[in-house]
Amino acid sequence: YQRLAGLIAASKPDDDDIHIACFSSRNQVMFKLPGCEMVSQLVEGNYPDYRRIVPPSAAVKTTVRLAAAEFSKAVAVANILVPDANIVNLKIAAEDGDGALAVLSQNTEFGDQETSLDAEITGPELTAAFNGRFLAQGLKAIDAPTITLFFETAIRPVVIRPESADYLYMLMPMSPK
């Protein structure tokens with residue numbers, strides 16, 4: 001949908017310049033713009049039940065609640081330092097509900113980078129490594145002032161949820177090199 005919206009915005013069509021055709025027998029829809037035709041098809045298949053792979057709330061051991069914009073900016077800065085490795089570490093340190101989430105990246109050529117963010121934390125401290133690009137992509141999809149990260153352990157997927165939306169982003173951790 002984002003690509004289609006981008007194409008429409010780039011072509012700057014008048015209302016009469018967009019044509020949409022649906023082909024229900026082939027599960028297709030076609031969008032025709034000036035100088036561009038785009039066809040999308042619904043792919044039938046058996047997909048995994050996502051509810052089975054999302055960690056249940058009872059399994060969550062550590063939660064981190066923090067400002068989404070600050071976290072997104074810290075991840076973007078960390079990604080600048082590690083364009084090839086893409087490994088960004090999240091280090092959670094807590095003291096009685098208050099704490100900090102440190103976003104760390106390391107580059108043998110340029111050095112280390114660390115951004116510490118204030119956060120409300122429950123549960124034990126931990127450090128987990130993630131693909132910084134994938135983490136940044138998930139954060140871009142969230143339009144909320146505050147998010148919560150739900151961790152089971154450092155080697156299990158993290159679930160990121162905005163406070164005010166029925167949305168979740170789940171990301172598998174990496175093993176740092």
Side-chain angles (χ1 to χ4, degrees), residues 1-5 27 40-107 112-177:
Y1 297 117
Q2 290 177 345
R3 287 185 182 174
L4 178 60
N27 288 335
S40 179
Q41 181 171 354
L42 175 65
V43 178
E44 297 289 337
N46 294 324
Y47 299 98
D49 181 6
Y50 73 91
R51 291 175 293 255
R52 290 183 50 194
I53 59 173
V54 174
S57 59
V60 172
K61 307 257 186 306
T62 302
T63 62
V64 180
R65 184 176 178 270
L66 72 162
E70 290 179 16
F71 183 44
S72 185
K73 189 183 295 185
V75 170
V77 169
N79 280 334
I80 292 170
L81 195 63
V82 289
D84 298 326
N86 291 324
I87 296 177
V88 172
N89 290 294
L90 302 180
K91 184 176 180 182
I92 300 165
E95 289 182 21
D96 299 328
D98 292 329
L101 173 69
V103 181
L104 308 132
S105 58
Q106 298 176 328
N107 184 312
D112 301 344
Q113 184 279 330
E114 178 176 344
T115 304
S116 185
L117 305 169
D118 291 333
E120 295 175 22
I121 298 172
T122 59
E125 298 179 351
L126 64 85
T127 300
F130 295 95
N131 181 307
R133 225 171 353 130
F134 295 157
L135 182 56
Q137 288 172 352
L139 294 172
K140 282 182 187 176
I142 296 173
D143 184 23
T146 308
I147 59 171
T148 304
L149 288 71
F150 299 91
F151 293 89
E152 280 184 69
T153 67
I155 59 171
R156 300 280 301 156
V158 63
V159 174
I160 303 171
R161 287 185 186 263
E163 289 219 346
S164 59
D166 188 24
Y167 171 85
L168 71 84
Y169 184 71
M170 188 171 74
L171 183 62
M172 290 296 296
M174 297 177 65
S175 297
K177 293 179 182 178

**Student:** Can you pull the salt bridge (Lys or Arg N to Asp or Glu O under 4.0 Å) pairs that have at least one residue in residues 148-158, sequence neighbours excluded?
**Tutor:**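 Found Glu152-Arg156.
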
**Student:** Do the non-hydrogen side-chain atoms of Ile87 and Val82 ever get within less than 4.5 Å of each other?
**Tutor:** no

**Student:** Evaluate side-chain contact (heavy atoms from CB on, under 4.5 Å) for Leu66 paired with Ile147, printing each intermediate quantity in order.
**Tutor:** CA-CA 6 Å; Leu66 72 162; Ile147 59 171; 4.2 Å; yes

**Student:** Please, which pairs that meet salt bridge (Lys or Arg N to Asp or Glu O under 4.0 Å) have at least one residue in residues 122-147, sequence neighbours excluded?
**Tutor:**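 For residues 122-147, and leaving out neighbouring residues, there are no salt bridge (Lys or Arg N to Asp or Glu O under 4.0 Å) pairs at all.
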
**Student:** Counting heavy atoms not belonging to Leu168, are there more than 12 under 6.0 Å from its CG?
**Tutor:** yes

**Student:** Side-chain contact test, heavy atoms from C-beta onward, threshold under 4.5 Å: evaluate it for Asp112 versus Leu104 and give yes or no.
**Tutor:** no

**Student:** Between OG1 of Thr122 and CZ of Phe150, what distance do you get to the nearest 0.5 Å?
**Tutor:**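 It is 8.5 Å, given to the nearest 0.5 Å.
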
**Student:** Would you call Leu101 and Leu90 a side-chain contact if the rule is heavy atoms closer than 4.5 Å?
**Tutor:**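 Sidechains of Leu90 and Leu101: in contact.
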
**Student:** Could you give the distance from CZ (Phe130) to CG (Asn89), rounded to the nearest 0.5 Å?
**Tutor:** 9.5 Å

**Student:** Would you find more than 12 non-hydrogen atoms of other residues, nucleotides or ligands less than 6.0 Å from Asn107 atom CG?
**Tutor:** yes

**Student:** How long is the straight-line distance from CG of Leu126 back to OG1 of Thr153, given to the nearest 0.5 Å?
**Tutor:**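 Going from OG1 on Thr153 over to CG on Leu126, the span is 8.0 Å.
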
**Student:** Could you pull out the closest heavy-atom pair between Val159 and Pro55, with the gap in Å?
**Tutor:** CG2-CD, 3.6 Å

**Student:** Show the numbers, then the answer: is there a side-chain contact (heavy atoms from CB on, under 4.5 Å) between Leu135 and Ile160?
**Tutor:** CA-CA 10 Å; Leu135 182 56; Ile160 303 171; 3.7 Å; yes

**Student:** Any chance the side chains of Gln113 and Thr115 put a donor and an acceptor closer than 3.5 Å?
**Tutor:** yes

